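Below, chain A is the first sequence line, B the second, and so on; all start at residue 1. Small disclaimer: the values here were computed from a predicted structure and weren't measured. Just the heavy atoms: all of them, side chains too, but no hydrogens, waters or symmetry mates, feed the values below.
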There are 2 protein chains.
Amino acid sequence: MPDDTLTISEMCAAFGVTPRALRFYESKELLFPIRQGQKRLFTKRDRARLKLILRGKRFGFSLEEIRQLLDLYHMGDSQLTQLSRTLDLARLHLADMEAQRAELDEAIAELKEQMDWGEKKLASLSKSGHAAA
Amino acid sequence: MPDDTLTISEMCAAFGVTPRALRFYESKELLFPIRQGQKRLFTKRDRARLKLILRGKRFGFSLEEIRQLLDLYHMGDSQLTQLSRTLDLARLHLADMEAQRAELDEAIAELKEQMDWGEKKLASLSKSGHAAA
DNA sequence: AGCCAAGATGACGTTAACGTCAACGTAACG
DNA sequence: CGTTACGTTGACGTTAACGTCATCTTGGCT
């Protein structure tokens, strides 16, 4: 491990994002790459955070929401009150995600049902209609 | 069942959306309320579609993606080719949702882990620090 | 007839999350 | 020493999904 840091383009390749996105996340204080001169170097911590950022996005959280959640994953120090607040926030997100999972299960079941119906229909159509133009 | 249709404000109350949103969905051809004069009347079909629309949004699908999926739920007629295409699309969405569920499970597990850690930390902090200002 | 509430129709504004230049810096290479 | 590759900082553009007016209309009271 020469330095355990990645340049911006390495970071982009590793996560499939654009440089613009990374700079944007930094401007919104979701990432804190260190600087060597003026160039950004992304640490292991940045990589962990980016992973969580992308995951959060997939679950429909805004960058601002994600930023607050990230604090939970990166505090070995913070204040008592702040920690308590962050935990409250985390509880909300957890509830949100569990509700989401329940609805997702339901949606998956319904979609499968519709697809079964569609495939049956497709089968009957291609049987009765295989003589048509 | 007087008519089995809802006015726009009834619809809004029932689903917690604004009139603007409903008109917007109609303009994007996700809903097709019938007209009595110039007023919109939302049918049972519109209600079913709106439910799916809101669900789709929660899972991060765009309105355009949702519009295409809605076809699957409302075709008793369509063409063979179209049906086949729609099923392909549905398969993609299904795969997407199942991947989403897997990642959601992982995310929930990780968040719980972090919260446990945070709560332990909180407990130890409030024990050692209960004498501080 | 007068009026109000509910609804319709544009048309422009807004926010989030980047995309897309343009202009500049700089380190290494031939 | 020129130029190519990679990077930086503004600054303005864009898309999705509505919000927010500013006018009309219309069916019902009174």
Side-chain angles (χ1 to χ4, degrees), chain A residues 2-43 46-47 49-70 89 93 96 100, chain B residues 2-43 46-47 49-70 89 93 96 100:
Chain A
D3 232 27
D4 198 31
T5 72
L6 300 185
T7 72
I8 197 166
S9 51
E10 287 167 343
M11 193 76 170
C12 291
F15 289 88
V17 299
T18 68
R20 180 65 176 95
L22 294 180
R23 295 189 193 109
F24 182 71
Y25 296 155
E26 184 185 3
S27 79
K28 291 304 179 76
E29 302 185 79
L30 284 109
L31 294 179
F32 306 95
I34 58 181
R35 296 302 180 105
Q36 158 190 301
Q38 68 170 344
K39 310 203 161 171
R40 292 168 175 81
L41 288 179
F42 296 85
T43 69
D46 291 313
R47 264 131 46 205
R49 292 176 74 96
L50 182 53
K51 183 184 172 189
L52 292 172
I53 291 169
L54 298 179
R55 165 180 290 169
K57 288 197 53 178
R58 256 167 276 139
F59 298 149
F61 295 120
S62 73
L63 290 184
E64 177 52 26
E65 289 174 314
I66 293 170
R67 192 185 60 73
Q68 301 186 35
L69 256 188
L70 281 175
L89 224 151
H93 276 274
D96 196 304
Q100 208 172 130
Chain B
D3 232 27
D4 198 29
T5 72
L6 299 185
T7 72
I8 197 167
S9 52
E10 287 166 343
M11 193 76 170
C12 291
F15 288 89
V17 299
T18 68
R20 179 67 177 93
L22 294 181
R23 296 192 192 106
F24 182 71
Y25 295 155
E26 184 186 2
S27 79
K28 291 303 179 78
E29 302 186 81
L30 286 108
L31 295 179
F32 306 94
I34 59 181
R35 296 303 180 104
Q36 158 189 301
Q38 68 168 344
K39 309 203 162 172
R40 292 169 175 82
L41 287 180
F42 296 85
T43 68
D46 290 314
R47 270 141 30 213
R49 293 176 74 94
L50 182 53
K51 184 183 171 191
L52 292 172
I53 292 169
L54 298 179
R55 165 180 290 170
K57 289 196 53 178
R58 256 167 275 137
F59 298 149
F61 295 120
S62 74
L63 290 185
E64 176 53 24
E65 289 173 314
I66 293 170
R67 193 185 60 73
Q68 302 187 34
L69 257 188
L70 282 175
L89 223 151
H93 277 274
D96 196 304
Q100 207 170 133

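Contact between the side-chain N/O atoms of B:Thr7 and the OP1/OP2 oxygens of C:dG7 is found at a separation under 4.0 Å. At the phosphate of D:dC18, neither OP1 nor OP2 sits under 4.0 Å from any side-chain N or O atom of B:Thr18. Taking side-chain N and O atoms only, B:Tyr25 has a distance below 4.0 Å to OP1 or OP2 of D:dC18.
Counting to the nearest Å, the P atom of C:dA17 and the CG atom of A:Leu30 are 9 Å from each other. Rounded to a whole Å, the CZ atom of B:Arg20 is 11 Å from the C1' atom of C:dC12. Residue A:Glu29 contributes atom CD, which lies 17 Å from atom C1' of C:dA16 at whole-angstrom precision. Distance A:Ile66 CD1 to C:dA17 C1': 11 Å, rounded to the nearest Å. Between the CD atom of B:Glu26 and the P atom of C:dG7 there is a distance of 14 Å, rounded to whole Å. In this structure, A:Gln36 places its CD atom 14 Å from C1' of C:dG25, rounding to the nearest Å. Note: CG (A:Leu22) to P (D:dT8) measures 9 Å, nearest angstrom. Counting to the nearest Å, the C1' atom of C:dC21 and the CZ atom of A:Arg23 are 13 Å from each other.
In the set D:dC6, C:dA17, C:dT9, C:dT9 carries the atom at the smallest distance from any side-chain atom of B:Arg35. Ranking C:dG7, D:dT8, D:dC18 by closeness to the B:Ile8 side chain, first place goes to C:dG7. For B:Arg40, the listed nucleotide lying nearest its side chain is C:dT9; candidates were C:dA17, D:dC18, C:dT9.
Both B:Lys39 and B:Ser62 lie close to DNA chain D; mapped to their nearest nucleotides by heavy-atom distance, the more 5′-ward contact belongs to B:Ser62. Nearest-nucleotide positions on DNA chain C place A:Lys28 closer to the 5' end than the other of A:Gln38 and A:Lys28.
We find the OH-CZ distance between A:Tyr25 and A:Arg20 to be 10.5 Å, quoted to the nearest 0.5 Å.
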CA sep, side-chain torsions, deciding dist, call: B:Thr7, B:Gln36, side-chain contact (heavy atoms from CB on, under 4.5 Å): CA-CA 10 Å; B:Thr7 72; B:Gln36 158 189 301; over 6 Å; no
From CA spacing to verdict: side-chain contact (heavy atoms from CB on, under 4.5 Å), B:Glu26, B:Leu22: CA-CA 6 Å; B:Glu26 184 186 2; B:Leu22 294 181; over 6 Å; no
Residues A:Arg23, A:Leu31; criterion side-chain contact (heavy atoms from CB on, under 4.5 Å); working and verdict: CA-CA 9 Å; A:Arg23 295 189 193 109; A:Leu31 294 179; over 6 Å; no
Residue pair A:Met11, A:Arg47: steps toward the side-chain contact (heavy atoms from CB on, under 4.5 Å) verdict: CA-CA 8 Å; A:Met11 193 76 170; A:Arg47 264 131 46 205; 3.8 Å; yes
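Here A:Lys57 lies in heavy-atom contact (under 4.0 Å) with sugar-phosphate atoms only.
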